[in-house]
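What follows is a set of notes on a single structure, which appears directly below.
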Amino acid sequence: MNDTVGENVAPEFLKDDVIQPFLLESTGIRGRIVRMGPAIDEILKRHDYPQIVNELLGEVLALTSVLSSLMKFSGCFTLQSKSDGPVKMLVSDMTSEGVLRGCAGIDEAALKELLDKTEDHSTLSLTDLTGKGYIAFTVDQGEHMERYQGIVELEGNNLSECIQGYFKKSDQINTGVLVNVAQAEGRWHAGGMILQYVPGDGGVNQQTDKDDDEIKEDWQRSMILMSSCTEDEILDRDLAVTDLLYRLFHEEQVRVYDQRPVKEGCRCSREKLANVIKTVSPEEVESYKVDGVIDAKCEFCGRSYVFDDAAIAELQKETDQG
């Protein structure tokens with residue numbers, strides 16, 4: 001049985017950079033488990049943020065992977081926070097082909113002050129780092145398709161609690177989220193899992209006469225089983241994600257579907273920036289120049305694109321001719 005979009009299907013039993021969809025057939029609860037290694041390591045090392053910011057961005061990257069895989073769409077899913085604290089922004093997006101990227105925006109002085117006065121950084125909550133703000137979910141399927149966006153306040157001890165709160169408040173869907181991020185032997189690893197009960201999604205309980213109390217009991221039991229998953233287990237690349245799911249949920253008749261690969265990548269290009277320059281006035285173009293050139297740097301991948309006067313003149317000429 002295939003639960004993937006298009007042809008984005010991975011070979012079976014990938015150890016890293018993989019999303020594994022699954023269903024607990026006895027209850028109708030669906031889920032995703034993600035394990036990332038090289039992809040998240042490349043993203044985090046490229047930016048060289050402080051350790052605690054890397055951990056927070058790693059959570060966003062893992063959450064982006066599991067959340068985007070719940071949706072059937074062709075385009076891009078974005079998870080982005082904006083706030084007034086030391087970590088002012090966190091953003092990660094994933095295409096329907098599984099290409100992932102992410103970055104953070106930091107008030108370096110405020111972050112240093114916070115860390116200097118906190119002896120044990122592990123005691124810092126989400127809002128200690130972000131302050132007040134929100135996190136937004138966006139699905140962009142292109143200019144000719146309706147754009148979906150959901151927003152929830154940043155609150156609670158971690159991002160997983162925010163995500164669970166969003167689904168409970170906005171969609172009234174039972175949702176459980178588990179995310180772990182760690183660095184071992186100089187390499188970053190992340191793992192995440194999400195469970196959802198969506199009435200009518202399928203499973204044995206859709207064909208039986210379970211009452212509300214029984215459905216509630218099924219959900220509570222599944223959440224307990226998920227919470228029993230340790231950080232070592234979800235990050236252990238020697239423990240196949242399929243084996244981990246069986247270890248956790250074998251009594252729930254777990255069924256797995258085709259795996260989906262995750263890969264690090266950026267969608268920036270000189271052509272995209274050139275198109276932006278074509279759309280603005282000559283006066284605005286001048287305001288972007290530093291030392292006589294426009295030097296645009298991608299916040300995600302760090303690539304720089306330089307446009308001098310000759311290149312800008314050629315773009316403006318193309319606009320006039322168009």
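Keep in mind that what you see is a predicted model, and the values were worked out from it rather than measured.
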Examine distances only and state if a side-chain atom of Arg247 and a backbone atom of Cys229 form a donor-acceptor pair shorter than 3.5 Å.
-> no

Does any N or O in the side chain of Tyr134 come within less than 3.5 Å of the main-chain N or O of Ser83, such that one atom is a donor and the other an acceptor?
-> no

Quick check: does any side chain N or O of Thr118 sit under 3.5 Å from a backbone N or O of Asp120, one acting as donor and the other as acceptor?
-> no

What donor-acceptor contacts under 3.5 angstrom involve side-chain atoms of residues 177-192, with partners at least two apart or in another chain?
none

Criterion salt bridge (charged side-chain N to carboxylate O under 4.0 Å, His left out) on Asp107 and Lys88, from CA distance to verdict | CA-CA 7 Å; Asp107 182 332; Lys88 304 179 74 65; 5.0 Å; no

So OH of Tyr305 and CD1 of Ile294: to nearest 0.5 Å the spacing works out to 15.0 Å

Would you please indicate if the ring centroids of Phe22 and Tyr257 are separated by under 6.0 Å?
-> no

Output yes when Glu264 and Arg46 qualify as a salt bridge under the 4.0 Å nitrogen-oxygen rule, no when they do not.
-> yes

Check: residues 307-315 side-chain donor-acceptor pairs under 3.5 Å, at least two apart:
{"unit_1": "Asp308", "atom_1": "OD1", "unit_2": "Ala310", "atom_2": "N", "d": "3.2"}
{"unit_1": "Asp308", "atom_1": "OD1", "unit_2": "Ala311", "atom_2": "N", "d": "2.9"}
{"unit_1": "Asp309", "atom_1": "OD1", "unit_2": "Lys289", "atom_2": "NZ", "d": "2.5"}

Considering only heavy atoms from C-beta outward, does the side chain of Leu23 approach that of Gln253 to under 4.5 Å?
-> no

Decide side-chain contact (heavy atoms from CB on, under 4.5 Å) for Gln20 and Leu245; before the verdict, give the C-alpha distance in whole Å, the side-chain angles of both, and the deciding distance to 0.1 Å.
-> CA-CA 10 Å; Gln20 175 67 70; Leu245 289 173; 3.8 Å; yes

Mind checking the CD1-CG spacing from Ile43 to Asn54? Nearest 0.5 Å is all I need.
-> 11.0 Å

Which value, rounded to the nearest 0.5 Å, describes the distance between Asp218 atom CG and Leu24 atom CG?
-> 9.5 Å

Closest non-hydrogen atom pair between Val34 and Met36, with its separation | CG2-CG, 3.9 Å

Here the pair of heavy atoms bringing Ile151 nearest to Ala136 is CG1-CB, 3.9 Å

Backbone of Asp128 reached by a side-chain donor or acceptor of Ser125 within 3.5 Å | yes

Side-chain donor or acceptor of Thr95 paired with backbone N/O of Val99 under 3.5 Å | yes

Decide yes or no for Trp219 and Ile29: does some side-chain heavy atom of the first lie under 4.5 Å from some side-chain heavy atom of the second?
-> yes

CG of Leu67 to CE of Met94: how many Å apart, nearest 0.5 Å?
-> 10.5 Å

Looking at Ala296 and Leu273, what are the two nearest heavy atoms and their distance?
-> CB-CD1, 3.9 Å

Quick one: are Glu233 and Thr230 in side-chain contact, heavy atoms under 4.5 Å?
-> yes

From Phe137 atom CZ to Ser68 atom OG, the distance as rounded to the nearest 0.5 Å = 12.0 Å

Please assess Leu111 against Leu129 for the test side-chain contact (heavy atoms from CB on, under 4.5 Å), listing each intermediate value before the final yes or no.
-> CA-CA 8 Å; Leu111 181 62; Leu129 292 163; 4.2 Å; yes

Ser81 side chain vs Leu90 backbone, donor-acceptor pair below 3.5 Å = yes

For Leu44 and Gly58, work out which heavy atoms get closest and say how close.
-> CD2-N, 4.2 Å

Do you know the tightest heavy-atom contact between Lys132 and Asp84?
-> N-OD1, 2.8 Å

Would you check if Glu252 and Arg221 make a side-chain contact, meaning some heavy-atom pair closer than 4.5 Å?
-> yes

Does any N or O in the side chain of Asp17 come within less than 3.5 Å of the main-chain N or O of Gly37, such that one atom is a donor and the other an acceptor?
-> yes

Between Asn157 and Leu126, is any pair of side-chain heavy atoms under 4.5 Å apart?
-> no

So do the side chains of Val290 and Asp295 get within less than 4.5 Å of each other, counting heavy atoms only?
-> no

Non-hydrogen atoms of Cys268 and Arg303 that approach each other most closely = SG-NH1, 3.8 Å

Under 4.5 Å between any side-chain heavy atoms of Lys168 and Thr175, yes or no?
-> no

Taking Arg260 for its side chain and Val18 for its backbone only, find out whether a donor-acceptor pair lies under 3.5 Å.
-> no

Under-4.0 Å salt bridge between Glu153 and Lys82 | no

Close side-chain approach of Leu56 to Leu159, heavy-atom, < 4.5 Å = yes

Compute both the distance and the angle, then confirm whether Arg101 meets the cation-pi test with Phe300: under 6.0 Å from the six-membered ring centre, within 45 degrees of the axis.
-> yes

Please test His121 against Leu115 for side-chain contact (heavy atoms from CB on, under 4.5 Å), starting from the C-alpha separation and ending with a verdict.
-> CA-CA 7 Å; His121 295 170; Leu115 298 181; 3.7 Å; yes

Fit a plane to each ring of His250 and Tyr246, take the angle between them on a 0 to 90° scale, and name the class: parallel (under 30°), tilted (30 to 60°) or perpendicular (over 60°).
-> tilted

